[in-house]
Amino acid sequence: METRYQKFIEWQINTLKEKNLIIQGSHPVGWCPKDQNPVSQHDTLGDVEPDFTEYILIKFQFEDFIIPTATLRPETLFGVTNLWVNPGTVYKKIKVNGEKWIVSAECAKKLEFLDKKIEEIGEIAGSELLGKEAKVPKTNRTIPIFPATFVKSQTGTGIVMSVPAHAPFDYQALKDLAHRTPYFADKLRSIQPISIIKTEEFGDVPAKEVCEKFKIRDQDDPKLEEATKDLYSKEFYGGILKENTEQFAGKKISDVKDDIKNWLIGARDGDVLLELNNAPVRCRCGAECVVKILTNQWFLNYGDKAWKEKATKCLDRMNVLPQEIRSEFNYVIGWLRERACARQHGLGTKLPWDKEWIVESLSDSVIYMAYYIIAKFVNAGKISAENLSKEFFDDVFLGKGGSKVVGIPKNIVDEIRSEFSYFYPVDSRHSGRDLVPNHLTFFVLNHVAIFPEENWPREIVVNGSVLMDGKKMSKSMGNIIPLRQAIRNYGADPIRLAIIISAELLQDADFNLESVNGIKNKLVSLLEECSKLKPVKPAKLQAEDRWIESKLQSAISNVSASIEKMRLREALHEILFSFESDLQWYLKRARAKKRDDYSGVLHEINTARIAMLSPFAPHIAEEVWEKLGNSDLVSQTSWPSVSADAIDPNAIQSEELLKSITDDISNILKVTKITPKKITIYTADAFKVKAYHAILEKVMAGETNMGTIMKDLIANSETADIKKNPEFVQKTIKDILSEPAEIRKTRLETKKFDEKLLIANELISLARTDFGVDVQVFSEMDSGIYDPKGKAKTARPFKPAILIE
RNA sequence: GCGGGAGUUGCCAAGCCUGGUCAAAGGCGCAGGGCUUAGGACCCUGUCUCUUAGGGGUUCGUGGGUUCAAAUCCCACUUCCCGCACCA
């Protein structure tokens, strides 16, 4: 064991103890009586987690004995009409902490492990109890004891209290009894279900209704379990206690259950019984496990209110990414109780004040980031274990002053302290989402407990896990690839990118080799492309140049925003894929014009792109960077910034329009299946442009009603003529509404836009390469217009009419 | 039970936070074409549906609602997944 690290753990745990945050108490665990050890899932046959429930024991007085019965519903004490025993069971008379109890043999055994002193003093057959009477605690009513076959000696105490109004088992058993044993007829007749819970759904005897609903045959009917569950959950959440329940009358059961429990136990009318609910659980040694109460267990008192408040305060100030997970942290802090922080077997650091115990490893690993700082001094041999004193840690971590530190030169202590001051607090802790309910929350709790406020952590980032082809990676499934091998085969960068691209923070990253290959090809072609580029800009920027530069600006701002939010998948996707489609369009345009001067534009674009790629794929980015002609390192250049000057709204509109016209042409060709010989395009008249802008303003102001817009247009003399063409208004509103908000805004801001000029200058080359024909363009009111099919009049702004022949 | 997450077009999977560019990215599969002696790899095109003019219809688990407009916001329902303590 690393003794120097142990010193750190000892300091941590001592510090918490001094602050009274570590307490001793009792705690139930699954337990193997043979090994004398707690058992958890991996200690059991079949890997079952021992799962137990707390039952309330209600103590009935029987002669000078106590008959305890176990129940999950202590409130039904008020509705008890009788007790059930199994006549075939021989019960034990035992002394329990001074009281004399009657319970089944199995129960007596269980009690021994639950911190009770048991002394057997005799036996009594179940049949001997039949017909006798017991007294109900609190109410002091006298009730008879009846036989029932559903009572099992291994469950609870082996004796059951009967609440026929609200427990289907009890209701049914009473009914059975009336049929089967005339012997009790007298006593039976006097028994009436006592109704104590009111619900909307049921009448006075819900158990009867439920038994009828489930068509229960007798008390051994397996459907009774389901009936019980059904009724219980309805009464627990929706039930109100009736007047016959003393101080609890009128309360909701879910609200007062704990109060009733404490009311009983406080007066020694009740007790607690812990019982395995998935029994039998067997230890790997073969022994049957029990529930044991460990009485001297050490806990971190995460239930402490002041501690929780501090942690909440810290959390509120922290940055938590992704945002959605924050509420989960708050929930966990609220829900945490005492947590066992020591165990009796295994590896670890011994509790300094109680060497029987070992600090539990999850508890000791929450502030070790602080140890990182001294680790380098320790590893360099500058400090030895025996000098890692409380004074030393108090000084370097808490700044308590170094005068008392013995055995370490003051300059070293000061150096460590100054490094600690430099690095702490933890700026960002990244871990898996499975650690949210434990490690990450403890990380916050223990930091706020030990360190002064200025050293509380600043950020937590939570990620999912990495899956392989959709499955959890595990050695047993054989679907793991050793990291070294993967890097050798595919390279570090493609693997990094494949993981990043496959999932956003919280999601599980589904890693597969196919995507690694895809990414690798992508990087190789990027390298090849960039290698050919020269930083020589064209003499004059053309429309598409200004456009792609505008697009680059939005790409930079998108990527930056994504990274700020730790949305790396989104960022990488933008760099590698989304922006690609813009580049495709750019290349198409430039090539259609048969240009040979755009290498410099691409060079500029890719320079920014590679700079953004660099944090994701550092190796290939350096390589490409060099190919782009840079002599410095990309990792040392600054992040590209958005230049507002480079954004040209006109260029954005132009390219959008060109795309939409070519799309329209393709569409027409697809539907008509004609081979084009000539394309004529007609742009809208100036009058329509005016109307368009009037409509655009209305829509942007939130007015989308056709009638209202029309009225306003007519009211204005400049646009009044539009009333002859209501279809135009209708369609224009639709056009505008189907445009993205950004384009609408751009159009609103740039009123002057010459569609005809754009088409004449830019569309012709594009149409020739795409469709192999020439384009002729007119404005719809031009004299000498060629318009054999009368298409021109349908032209709208940004939606020119098209004639294909 | 408590808490969290998810259900998208043949499959996987984005989009949802910030409603309109969404018949909806990308990948796989499939179909056609190119390259190749052939196969693989690679490249191009297509891939809800109807349509001989840029259009229409139906779709994002189900049912409602809000809105001029809903995969996206709200409500209910439903199905599936994950975590719940002495174990890292």
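The sequence lines fix the lettering, A, B, ..., with proteins before strands; numbering per chain opens at 1.
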Would you say the ring centroid of Tyr371(A) lies under 6.0 angstrom from that of Tyr5(A)?
yes

Taking the six-membered ring for Trp and the full ring for Phe, Tyr or His, determine whether the centres of Trp307(A) and Tyr302(A) are under 6.0 Å apart.
yes

Measure the distance from [atom1] on [X] to [atom2] on [N] and round it to the nearest whole Å.
| X | N | atom1 | atom2 | result |
| --- | --- | --- | --- | --- |
| Leu435(A) | A85(B) | CG | P | 15 Å |
| Leu572(A) | G26(B) | CG | P | 16 Å |
| Asp582(A) | A25(B) | CG | C1' | 13 Å |
| Leu300(A) | C87(B) | CG | C1' | 15 Å |
| Leu336(A) | C87(B) | CG | C1' | 15 Å |
| Leu737(A) | C68(B) | CG | P | 12 Å |
| Glu328(A) | C82(B) | CD | P | 15 Å |
| Glu739(A) | C68(B) | CD | C1' | 17 Å |

Tell me whether the NZ or CZ atom of [X] lies within the 45° cone about the ring axis of [Y] and under 6.0 Å from its centre.
| X | Y | answer |
| --- | --- | --- |
| Arg747(A) | Phe798(A) | yes |
| Lys551(A) | Tyr586(A) | no |
| Lys659(A) | Trp585(A) | yes |
| Arg429(A) | Phe443(A) | yes |

Would you measure the distance from the [atom1] atom in [N] across to the matching atom in [M] and give it in whole Å?
| N | M | atom1 | result |
| --- | --- | --- | --- |
| U21(B) | G56(B) | P | 14 Å |
| A25(B) | G15(B) | P | 13 Å |
| C80(B) | C16(B) | P | 28 Å |
| A23(B) | U18(B) | P | 22 Å |
| G61(B) | U78(B) | C1' | 8 Å |
| G65(B) | A70(B) | C1' | 11 Å |
| G10(B) | U49(B) | C1' | 16 Å |
| U79(B) | A31(B) | P | 39 Å |

Side chain Arg744(A), main chain Ile736(A), donor-acceptor under 3.5 Å
yes

For [N], the Watson-Crick or wobble counterpart (both distances under 3.5 Å):
| N | result |
| --- | --- |
| C73(B) | G65(B) |
| A31(B) | U45(B) |
| C80(B) | G5(B) |
| C16(B) | none |

Identify which nucleotide among G15(B), G83(B), A88(B) has an atom closest to any side-chain atom of Glu360(A), counting heavy atoms from C-beta outward.
A88(B)

Selection from U21(B), A25(B), A85(B) that lies nearest to any side-chain heavy atom of Arg339(A):
A85(B)

With nearest nucleotide decided by heavy atoms, which residue, Pro28(A) or Asn705(A), maps closer to the 5′ end of RNA chain B?
Asn705(A)

For nucleotides 50-55 of chain B, read 5' to 3', which letter fits each nucleotide if B means a protein heavy atom sits under 4.0 Å from the base, S means only the sugar-phosphate is that close, and - means neither?
-BSBB-

Does a side-chain heavy-atom distance below 4.5 Å link Phe771(A) with Ser666(A)?
yes

Atom NZ of residue position Lys745(A) - does it have more than 12 heavy atoms of other residues, nucleotides or ligands inside 6.0 Å?
no

Can you find a side chain N or O atom of Arg343(A) that sits less than 4.0 Å from OP1 or OP2 on A85(B)?
no

Need one value for His573(A): base, sugar-phosphate or nothing, where a base atom within 4.0 Å counts as base even if backbone is also close, heavy atoms only.
base

